[in-house]
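Have a look at the structure below, then the notes.
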Amino acid sequence: MPVTSPLPFSEAVRRAVRAIPRGEVRSYAQVALYAGKPGAARGVGRELKTLKGVPWWRVIRSDRTLAPAVAHEQARRLAAEGVQVKQQGEHFRVVP
DNA sequence: AATATGACCATAC
DNA sequence: TGTATGGCCATAT
């Protein structure tokens, strides 16, 4: 019998994302790592699409660009928290 | 049940 | 610099 039961992926992701401080960002891969599933960055994006009540806009790609599917809304929310976002055409990037 | 599809990433060429 | 490939994981078909 397993003495410990790892949190379901969705719960682990929820915790990891909620732990990101206001005004900061983390990459999908970083969240996956923190959630105990290194390499599961794709799964993180899949979960963020469903999870409610989490600051999903603080999760960006490793190259600091924003996922095209949500880029516009995400850029607005990040800017509202004081995160500097640069727009290059249809392409958004968080300024380091 | 099997395959395809993403809000992805690292590596290889 | 850009494209390909394999790994990852929950849904949708």
Side-chain angles (χ1 to χ4, degrees):
Chain A
M1 289 292 291
V3 290
T4 62
S5 124
L7 289 172
F9 188 60
S10 60
E11 284 306 309
V13 170
R14 179 193 303 278
R15 276 189 11 167
V17 175
R18 284 179 61 100
I20 306 173
R22 191 178 184 288
E24 291 187 25
V25 296
R26 292 280 162 13
S27 74
Y28 292 92
Q30 194 64 45
V31 169
L33 189 66
Y34 191 91
K37 295 282 183 184
R42 196 164 197 165
V44 171
R46 190 66 190 73
E47 289 301 331
L48 288 188
K49 190 158 75 170
T50 301
L51 289 179
K52 310 302 179 195
V54 300
W56 56 265
W57 57 92
R58 307 211 261 237
V59 184
I60 67 178
R61 288 174 167 174
S62 288
D63 62 3
R64 304 191 75 82
T65 61
L66 305 184
V70 292
H72 197 272
E73 176 67 12
Q74 185 168 20
R76 271 202 325 117
R77 289 173 180 258
L78 283 175
E81 307 195 321
V83 175
Q84 197 176 347
V85 181
K86 183 179 187 177
Q87 181 173 15
Q88 338 182 94
E90 298 294 316
H91 196 83
F92 291 89
R93 176 183 290 275
V94 172
V95 177

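When reading the values below, keep in mind they use all heavy atoms of this one structure, side chains included, and skip hydrogens, waters and symmetry mates. Protein chains get the first letters and strands the later ones, always in sequence-line order, with residue 1 at the start of each.
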In the structure I gave you, are the side-chain heavy atoms of [X] and [Y] within less than 4.5 Å of one another anywhere?
X	Y	value
A:Gln84	A:Val94	no
A:Ile60	A:Thr65	no
A:Phe92	A:Gln74	no
A:Leu78	A:Leu66	yes
A:Arg18	A:Arg15	no

Problem set entry | Range-with-range stems of DNA chain C (Watson-Crick or G-U pairs under 3.5 Å, three or more in a row) |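 DNA chain C stems, ordered by first number: B:2-6 with C:9-13, B:8-13 with C:2-7.
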Would you mind reading off the distance between [X] atom [atom1] and [N] atom [atom2], rounded to a whole angstrom?
X	N	atom1	atom2	result
A:Ile20	B:dA7	CD1	C1'	13 Å
A:Ile60	B:dC8	CD1	C1'	13 Å
A:Tyr28	B:dA7	OH	P	9 Å
A:Leu66	B:dA7	CG	P	14 Å
A:Leu33	B:dA10	CG	P	11 Å
A:Arg64	B:dC9	CZ	C1'	16 Å
A:Glu47	B:dC8	CD	C1'	14 Å

Exercise. Quick one: side-chain hydrogen bond (donor to acceptor under 3.5 Å, both in side chains) partners of A:Trp57, sequence neighbours excluded?
Worked result: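 Scan of A:Trp57 (side-chain hydrogen bond (donor to acceptor under 3.5 Å, both in side chains), adjacent residues dropped) gives A:Glu81.
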Exercise. Considering residues at least two apart in sequence or located in another chain, which fulfil the side-chain contact (heavy atoms from CB on, under 4.5 Å) criterion with A:Lys86?
Worked result: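 side-chain contact (heavy atoms from CB on, under 4.5 Å) list for A:Lys86, sorted by chain: A:Gln88, A:Val95.
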Exercise. Could you give the start and end, 5' to 3', of the contact zone on DNA chain C for chain A, using atoms under 4.0 Å from its heavy atoms?
Worked result: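 Contacts span C:dG7 to C:dT11, reading 5' to 3'.
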For this session: Carefully, step by step, assess A:Tyr34 and A:Val17 under the rule side chain to side chain contact (heavy atoms under 4.5 Å, CB included).
Result: CA-CA 9 Å; A:Tyr34 191 91; A:Val17 175; over 6 Å; no
For this session: Take atom NE2 of A:His91 as the centre, draw a 6.0 Å sphere, and report whether it contains more than 12 heavy atoms from other residues, nucleotides or ligands.
Result: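 Correct, the count exceeds 12.
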Problem set entry | Whole-angstrom distance between C:dG2 and B:dA7, as gauged at atom P |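 Result for the P pair: 23 Å, nearest Å.
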Exercise. Given A:Phe9, which of A:Arg14, A:Arg46, A:Glu47 fulfils the side chain to side chain contact (heavy atoms under 4.5 Å, CB included) condition?
Worked result: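 Per the side chain to side chain contact (heavy atoms under 4.5 Å, CB included) rule, the option paired with A:Phe9 is A:Glu47, out of A:Arg14, A:Arg46, A:Glu47.
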Restricting both atoms to N or O, compile the protein contacts to nucleotides 4-6 of chain B shorter than 3.5 Å, with distance only.
| residue | atom | partner | partner atom | Å |
| --- | --- | --- | --- | --- |
| B:dG6 | N9 | A:Arg42 | NH2 | 3.3 |
| B:dG6 | N7 | A:Arg42 | NE | 3.2 |
| B:dG6 | N7 | A:Arg42 | NH2 | 2.1 |

Side-chain donor-acceptor contacts of residues 20-27 of chain A below 3.5 Å, not counting sequence neighbours, with atom names and distances?
| residue | atom | partner | partner atom | Å |
| --- | --- | --- | --- | --- |
| A:Ser27 | OG | A:Ala29 | N | 3.4 |
| A:Ser27 | OG | A:Gln30 | N | 3.0 |

Problem set entry | N/O (side chain, A:Ser62) to phosphate O (OP1/OP2, B:dA10) under 4.0 Å |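 So the side-chain polar atoms of A:Ser62 do come within 4.0 Å of the phosphate oxygens OP1 or OP2 of B:dA10, strictly under.
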